[in-house]
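What follows is one structure encoded as structure tokens, with my remarks underneath.
These values consider heavy atoms only, across backbone and side chains, with no hydrogens, waters or symmetry-generated copies. Naming convention: chains lettered A, B, ... in sequence-line order (proteins, then strands); numbering from 1 in each chain.
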Number of protein chains: 2
Amino acid sequence: MQKNFSANTLEYETLLEQFKKILKKNALKFTLQREMILKALYDSDGHLTPEALHRLIQERHPDIKVGIATVYRTLSLLEDSDIVTSLSFGAQGKKYELGTKEHHDHMICTECGEITEFVDEEIEKRQEKIAQEHGFLMKDHSMQIYGLCQNCQKNNQ
Amino acid sequence: MQKNFSANTLEYETLLEQFKKILKKNALKFTLQREMILKALYDSDGHLTPEALHRLIQERHPDIKVGIATVYRTLSLLEDSDIVTSLSFGAQGKKYELGTKEHHDHMICTECGEITEFVDEEIEKRQEKIAQEHGFLMKDHSMQIYGLCQNCQKNNQ
DNA sequence: ATAGAATTGTAAAAAAATTTCAAGAGAGTG
DNA sequence: CACTCTCTTGAAATTTTTTTACAATTCTAT
């Protein structure tokens, strides 16, 4: 599968180390399941529902059982640790993606749900400036553009 | 209840007409429930879960029964008609809001929850450009800046 | 007013997410 | 390595959220 263009900033090994560190710090354990889930998220293009992630892992490791509950549990854990973020647009359910990618924004097709990522330096800078103007200390931001992707524009005509 | 500052572009009456037109066009009926749901969305500051919306309507009209199923049904209808959009970030579930507001830009203080709204022409234009570059037909957008407002910056020192 | 079709609330069902619990596995200690 | 303590797991049960079925009701166009 094609890796998303918004390349992960971190090598997998680094990410794994980060995860392990957080686990240790909180007296939690590093398990095979947790690693498999992290790896699957890393390798995919993100935007996976818990169900889809579970399915993906089962396909990759038919020999090892991973319960759906563990997927949910691990996703919350990863979200609490700021390693993944969740988002949901339009009709489909909540999706998860690695939060360690280089920052990016989303363009969402309201028809088919396709999500495209993009980064625009100009907007990034401008946001910082707006925050400053309002005496606001910016910690994070998110932006979404809604509309119709090329395909759905055609199909709707 | 206080009206949101991000003023709706449309007067309620206009919005209602638009809704009625869509209904008629699709041989659907205009009902009291549908109107109540649209009105509640219009008056609120948006970002309501179906449950919350249902509760709100029940509070406003204790005399009239509106089933939760009808709320769900109407929300999908409104979403299909591009009158509302749904989105969800972080831990909480899916939320719905009117899709007819002119701008959706918020600056949110993660400490006290204060929401400041802003519009920035440069960003607006830039967004349009990005959409075009991706062959995307932009219908709407939203942007959030998270951080600390002036007050909370002080209090946190 | 009437008829025909869509809509509603209720309750049941399905889907999604969370919790319980006994068995199993990781990590630190010796 | 063995031991123990605690966390984690899968499975199943439970809860929560969303959708569906259906008979009664309401709307819209004559």
Side-chain angles (χ1 to χ4, degrees), chain A residues 16-17 19-40 47-58 60-81 84 86-96 113, chain B residues 16-17 19-40 47-58 61-81 84 86-96:
Chain A
L16 193 57
E17 283 317 308
F19 187 31
K20 283 185 180 174
K21 210 173 292 175
I22 290 168
L23 290 174
K24 187 163 288 183
K25 187 170 151 193
N26 294 88
L28 300 176
K29 287 167 183 173
F30 178 69
T31 66
L32 183 55
Q33 288 85 345
R34 285 177 177 165
E35 156 140 40
M36 277 165 30
I37 291 167
L38 183 67
K39 187 69 163 60
H47 308 126
L48 291 170
T49 61
E51 295 288 345
L53 184 56
H54 184 229
R55 220 176 308 121
L56 187 62
I57 292 168
Q58 289 292 272
R60 288 167 66 147
H61 309 277
D63 43 320
I64 304 168
K65 268 268 154 79
V66 177
I68 183 72
T70 297
V71 174
Y72 276 104
R73 283 185 287 228
T74 304
L75 283 173
S76 330
L77 174 60
L78 289 170
E79 188 166 23
D80 290 345
S81 314
V84 310
S86 70
L87 65 157
S88 100
F89 306 105
Q92 292 127 71
K94 200 187 246 192
K95 309 241 178 72
Y96 290 81
Chain B
L16 192 58
E17 283 316 308
F19 187 31
K20 283 185 180 173
K21 209 173 291 173
I22 290 168
L23 289 174
K24 185 164 287 181
K25 187 170 152 195
N26 294 86
L28 301 176
K29 287 168 183 174
F30 179 69
T31 66
L32 183 54
Q33 288 85 343
R34 285 177 176 165
E35 155 140 41
M36 276 166 30
I37 291 168
L38 183 67
K39 187 69 162 62
H47 308 122
L48 290 170
T49 61
E51 295 287 346
L53 183 56
H54 184 229
R55 221 176 308 122
L56 186 64
I57 291 168
Q58 289 292 272
H61 308 277
D63 44 320
I64 303 167
K65 266 265 155 80
V66 176
I68 184 71
T70 297
V71 173
Y72 275 102
R73 283 185 287 228
T74 304
L75 282 173
S76 331
L77 174 60
L78 288 169
E79 190 165 23
D80 289 345
S81 314
V84 310
S86 70
L87 67 158
S88 98
F89 296 103
Q92 293 127 70
K94 198 187 247 193
K95 309 241 180 73
Y96 290 81

Strand-adjacent residues in residues 19-27 of chain B, judged by heavy atoms under 4.0 Å from DNA chain D: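 Heavy-atom cutoff 4.0 Å gives B:K24.
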Which residues in residues 32-40 of chain B have at least one heavy atom lying under 4.0 Å from any atom of DNA chain D?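 Per residue number, the list is empty: none.
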Calculate, to the nearest 0.5 Å, the distance between atoms [atom1] and [atom2] belonging to [X] and [Y] respectively.
X     : Y     : atom1 : atom2 : result
B:I64 : B:L32 : CD1   : CG    : 4.5 Å
B:T49 : B:H54 : OG1   : NE2   : 11.5 Å
B:K39 : B:I37 : NZ    : CD1   : 14.0 Å
B:S86 : B:L75 : OG    : CG    : 9.0 Å

Kindly give the heavy-atom pair with the smallest separation between A:K95 and A:H47, and that separation in Å.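 So the minimum-distance heavy-atom pair works out to CD-O, 3.3 Å.
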Locate the shortest heavy-atom distance separating A:I57 from A:A40; write the atom from each residue and the value.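 Looks like CG1-CB, 3.8 Å.
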Contact under 4.0 Å: A:T31 side-chain N or O vs D:dT9 OP1/OP2: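 Checking D:dT9 against A:T31, a side-chain N or O does come within under 4.0 Å of OP1 or OP2.
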Between A:K94 and C:dA17, is there a contact of a side-chain N or O with OP1 or OP2 at under 4.0 Å?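 Indeed not, no polar side-chain atom of A:K94 lies that close.
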Restricting to nitrogen or oxygen on both sides, can you table the protein-nucleotides 19-21 of chain D pairs closer than 3.5 Å?
| from | atom 1 | to | atom 2 | distance (Å) |
| --- | --- | --- | --- | --- |
| D:dA21 | N6 | B:R73 | NH1 | 3.3 |

Between [Y] and [X], is there a side-chain heavy-atom distance shorter than 4.5 Å?
X     : Y     : value
B:T70 : B:T31 : no
B:V66 : B:M36 : yes
B:L77 : B:L23 : yes

[X] has an atom [atom1]; how far is it from atom [atom2] of [N], in whole Å?
X     : N      : atom1 : atom2 : result
A:K95 : C:dA16 : NZ    : C1'   : 15 Å
B:L53 : D:dT17 : CG    : C1'   : 15 Å
B:I64 : D:dT25 : CD1   : P     : 17 Å
B:H61 : C:dT8  : NE2   : C1'   : 16 Å
B:F30 : D:dT28 : CZ    : P     : 8 Å
B:Y96 : D:dT17 : OH    : C1'   : 11 Å
A:L28 : D:dC7  : CG    : C1'   : 8 Å

Please step through side chain to side chain donor-acceptor pair (under 3.5 Å) for the pair A:T74 and A:Q33, ending with a clear verdict. CA-CA 9 Å; A:T74 304; A:Q33 288 85 345; over 6 Å; no
Carefully, step by step, assess B:K20 and B:E17 under the rule side chain to side chain contact (heavy atoms under 4.5 Å, CB included). CA-CA 5 Å; B:K20 283 185 180 173; B:E17 283 316 308; 4.1 Å; yes
What contact category does B:K29 fall into here, base, sugar-phosphate, or nothing, at under 4.0 angstrom with non-hydrogen atoms?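 Result for B:K29 = base.
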